[in-house]
Each structure stands twice: as C-alpha cells, then as structure tokens.
Amino acid sequence: MPYKVGRKTKTKGFPILKNEHGTWRVIAHSSTRAKAEASIRARHAGSHNRNW
C-alpha cells in the first residue's frame, strides 16, 4: 500500500505519508493514530472504488 503513518510530531500530530516515485511525502496530518489509519483506509478504498 502506498500510504503509511509517520512518527508523531509535537505540533501537528501524526503525519500521513504517501510513496510517490520512491520518496515518502507528507500529504496530511491527524490528531490520533487511529484517525490517521482510518484516513489511510478511506483513501485506499476510494482509489479502488470510485463509487464509494
């Protein structure tokens, strides 16, 4: 899967990283790890099912 949750930062929480052409890039931040993982699941499911 091209997404992963990064290490918690002091100001912005958990970063959501996306692998683009071999480099990990921060695309969003979440306040909790559970929210970050849910966001990744939603992004991944949405990319495979356009009607979702």
Side-chain angles (χ1 to χ4, degrees):
M1 184 163 21
Y3 297 101
K4 73 177 181 180
V5 178
R7 208 179 287 166
K8 184 179 185 301
T9 61
K10 200 180 256 188
T11 56
K12 294 187 181 180
F14 291 91
I16 297 170
L17 306 164
K18 183 177 183 183
N19 193 343
E20 293 180 338
H21 311 295
T23 59
W24 291 97
R25 194 170 72 91
V26 176
I27 56 169
H29 290 87
S30 284
S31 56
T32 65
R33 188 172 190 89
K35 283 184 181 178
E37 290 170 355
S39 178
I40 287 173
R41 282 194 296 275
R43 288 168 194 272
H44 193 67
S47 68
H48 289 289
N49 183 2
R50 299 288 179 207
N51 296 323
W52 186 71

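Numbers for residues simply follow the sequence, beginning at 1.
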Y3 to I40 - nearest heavy-atom pair and separation = CB-CG2, 3.6 Å

request  = Return the set of residues passing side chain to side chain contact (heavy atoms under 4.5 Å, CB included) with T32 (not counting sequence neighbours), or none when no residue passes.
outcome  = A34, K35

message = Could you work out, with side chain to side chain donor-acceptor pair (under 3.5 Å) as the rule, every residue matching H21, not counting sequence neighbours?
response = none

key: Closest non-hydrogen atom pair, V26 against P15   = CG1-CB, 4.0 Å

task = Give the minimum heavy-atom separation between R33 and V5, together with the two atoms involved.
result = NH1-CG1, 3.7 Å

query = Hey, does P2 have a side-chain heavy atom less than 4.5 Å from the side chain of H44?
reply = yes

ask   = Between R25 and E20, which heavy-atom pair has the shortest distance, and what is it?
value = NE-OE1, 2.7 Å

request  = Mind listing the closest non-hydrogen atom pair of F14 and A36 along with its distance?
outcome  = CB-CB, 4.4 Å

key: Results of side chain to side chain donor-acceptor pair (under 3.5 Å) for S39 - residues two or more places apart only   = R43

message = Can you give me the closest heavy-atom contact between I16 and S30, atom names plus distance?
response = CD1-OG, 3.8 Å

